[in-house]
2 protein chains.
Amino acid sequence: MDTRHMHIFMALAETLHFGRAAERMSMSQPPFSRQIAMIERMLGVKLFERNSRNVALTPAGEHFMKDCRTVLAQFEDACRDVRLVASGMKGELRFGFMMHAAHSVVPQLVQLYSEARPDVRLVLDERTPTEIDEMLVGGTLDAAVTFGCGYTPHLQTVLLTRERLRIIMRADHPLAGAAQIGPAALRAEKIIATPVATAPALRSAINSYFSAKGIVPNVVFEPRLQHTIIQLVAKGLGIALIPESLCAGLGAGLTSGTLTDPPQLDVVLCAPIVSKNPAVSTFMQIGKAIQHASKSI
Amino acid sequence: MDTRHMHIFMALAETLHFGRAAERMSMSQPPFSRQIAMIERMLGVKLFERNSRNVALTPAGEHFMKDCRTVLAQFEDACRDVRLVASGMKGELRFGFMMHAAHSVVPQLVQLYSEARPDVRLVLDERTPTEIDEMLVGGTLDAAVTFGCGYTPHLQTVLLTRERLRIIMRADHPLAGAAQIGPAALRAEKIIATPVATAPALRSAINSYFSAKGIVPNVVFEPRLQHTIIQLVAKGLGIALIPESLCAGLGAGLTSGTLTDPPQLDVVLCAPIVSKNPAVSTFMQIGKAIQHASKSI
DNA sequence: CCATTTGATACCTTAAAAGTATTGATCATG
DNA sequence: CATGATCAATACTTTTAAGGTATCAAATGG
């Protein structure tokens, strides 16, 4: 028994006429008649009551007709869907990003991609930059937004935006309201910074900002998440350099300031150069479209 | 593309080894290899990455594997279900009955049948005896409980029970509390009776009861439903002869009495002698079991 | 009663599936 | 590094199943 037999059965079930059903199946009536007999033999069930002038479905035939419709439709869907998946039009894409990137380019990227590929399920996974690197290499992420960090031999990257760091402090801090703040002004401050292990590029940018003026920052706390850094600053436990995109939504009692010659970090979209996931190429193209849009402003 | 191809694909998807997959399909490896190539060509999709030593599913192949599992399972279910329907183990049975029969044999019949055939959906349809006769003949009911009514050429019947008629009246009626009531005592009473068109057997039994003593009953109302008859009696608009099974649940203010030599009616289960619905035969067998059980008491 | 239509059967032809032999690629072992 | 074993793909041949034609028997309408 096979779907071809179901098609044959359906042709007769819908026409109740051997000759017309055979025509519908592009075959002559005698082999069609034999096929019907064979289907009934294979199932061990009488599907049609018939004589030389009348054909009618049995109750079992009526029931089988409903099931066949469903099975044949699902069969066609399976064949169509595998083609859609192969072409990247359908499937799943595991997308990682730094938490704070959700405040900048990630929503736009997600929106544009979801509109372009409504049948691809985006699996959103907030991760630290270090985790992102590991998961991209390990094949547990298909693409990700992270800080650009130099040489990436088997990853393709698209520069989405560049992001400056700003200094944040409590609103009652002596430096609050200063027009520009340089490293020298921060010499004596307690600094709260993300650890190297969590975000090497970010921490490296902070370190470089100070060391360029021969200053060693007094880092007193190194929590993993930017969110935690902001909370500790709110408690008056120090000040911090954080990505600009996080500064738009600071709570009451907090303020941010402009750094002199602020460090800048590349925010890039990464994916393996060779990906097994057909959905990734369109995702990267949309990243490139965002890149081009930001360049032309 | 056919389910046979899906089976071939699944064999390789599950083993990731051409030789073992070919064995599983009871064929040699070269034609198996050709079949896989043909499936990929038919779909226009690469399902496996492979060389002479390794076989792996592509993402499209992974997706197709899930869909194939579903389609093949549904295909088998369809073939199994048509056999179950053909054998009466599954399907639908349209069952009609007189409203008041829900107070007597119908619940038992429904319970026993549902236990015996849990996958057959009983469609319960309350109908008057005349409607039942028409629908059984017209093929819109598969079986029914009604009054026995003599010669039924193309119906098979099973006697389920015999039911006496009782007289009902308001509790403040002069005849309330009488030990036995004969036709003569009812000569002057306003009688409320079911019409011939609705229940010929019932009305004939009522007419016969009076005419056996040469009395013409004074029928003042002829509503179709027993429920309505009971309500009119409650309003004091007359008295009525109704089936005994309806008397157990009379409302406050109503009472029933025993008739002298009360008329009795057969309550039968009917179905066409030749039914296209395979589920009917078991239903009739359960009717016979109820018949035998009531005879042995 | 006869002609026409229709489903089933008998016989034959064609197409597709499967088998065998072999080749080329890959990997493990010495 | 060479060799042998294993494995997927290809070439050629055989077998099997599907389909076509001719015909028959049954049913129906005129």
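Lettering follows sequence order; numbering is per chain, from 1. As the structure is a prediction and not an experimental result, all values here were calculated from the model.
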Mind grabbing the angle between the end helix axes of the helix from C:dC1-D:dG30 to C:dG30-D:dC1? Five pairs an end, 10° rounding. 20°
Of all pairs that satisfy salt bridge (charged side-chain N to carboxylate O under 4.0 Å, His left out), the ones with a partner from residues 30-39 of chain B, not counting sequence neighbours: none
Whole Å only: how far is the CE atom of A:M25 from the P atom of C:dG7? 16 Å
For DNA chain D, the residues among residues 9-18 of chain B that have a non-hydrogen atom under 4.0 Å from it: B:H17, B:F18
Please identify each residue that fulfils side chain to side chain donor-acceptor pair (under 3.5 Å) with A:N277, with sequence neighbours left out. A:D142
Which atom pairs, one a donor and one an acceptor, fall under 3.5 Å between side chains of residues 44-54 of chain A and the rest of the protein, sequence neighbours left out?
from, atom 1, to, atom 2, distance (Å)
A:R50, NH1, A:E40, OE1, 3.3
A:R50, NH1, A:E40, OE2, 3.2
A:R50, NH1, A:F48, O, 3.2
A:R50, NH2, A:E40, OE1, 3.0
A:N51, OD1, A:R53, N, 2.7
A:N51, OD1, A:N54, N, 2.7

Taken to the nearest whole Å, CD1/A:I36 to C1'/C:dT9 is 16 Å
At under 4.0 Å between heavy atoms, how does the protein contact nucleotides 20-30 of chain C? Give one character per nucleotide, 5' to 3', with B, S or -. BB--BBBB---
Whole-Å distance, B:R4 CZ to D:dA18 C1', equals 13 Å
Which residues pass the ring pair (Phe, Tyr, Trp, His ring centres under 6.0 Å) test with A:F95, not counting sequence neighbours? A:F97, A:F283
Expressed in angstrom and rounded to an integer, what is the separation of B:R41 atom CZ from C:dA17 atom C1'? 14 Å
A side-chain contact here means heavy atoms from C-beta on lying under 4.5 Å apart; do A:V137 and A:H154 qualify? yes
Check side-chain contact (heavy atoms from CB on, under 4.5 Å) between A:T198 and all other residues, then give those that pass, not counting sequence neighbours. A:T128, A:T194, A:P195, A:R224
Starting from P on D:dA9, measure out to CE on B:M27 and report it in whole angstrom. 13 Å
DNA chain D: A:Q35 or B:A37, which has the more 5' nearest nucleotide? B:A37
Can you run down the side-chain hydrogen bond (donor to acceptor under 3.5 Å, both in side chains) pairs that involve residues 2-28 of chain A, sequence neighbours left out, and say none if there aren't any? A:D2-B:T3, A:T3-B:D2, A:R4-A:Q35, A:E14-A:R24
Using whole Å, report how far CZ of A:R50 lies from C1' of C:dT5. 17 Å
B:D81 meets the side-chain contact (heavy atoms from CB on, under 4.5 Å) criterion, sequence neighbours left out, with A:H63, A:D67, B:L84, B:K90
Separation of D:dA9 C1' from B:K46 NZ (nearest whole Å): 12 Å
Mind listing the side-chain donor-acceptor pairs of residues 68-75 of chain B below 3.5 Å, one per line with the distance, residues two or more places apart or on another chain?
from, atom 1, to, atom 2, distance (Å)
B:T70, OG1, B:K66, O, 3.3

Taking B:Q291 for its side chain and B:L160 for its backbone only, find out whether a donor-acceptor pair lies under 3.5 Å. no
Taking atom P of C:dA18 as reference, at what distance in whole Å does atom CD of B:E23 sit? 16 Å
Classify A:R20 by what it touches in the nucleic acid, base, sugar-phosphate, or nothing, heavy-atom distance under 4.0 Å. nothing
Among all residues two or more places apart in sequence or in another chain, which pass the side-chain contact (heavy atoms from CB on, under 4.5 Å) test with A:T140? A:M135
Think A:S33 has a side-chain N or O under 4.0 angstrom from the OP1 or OP2 of C:dG7? no
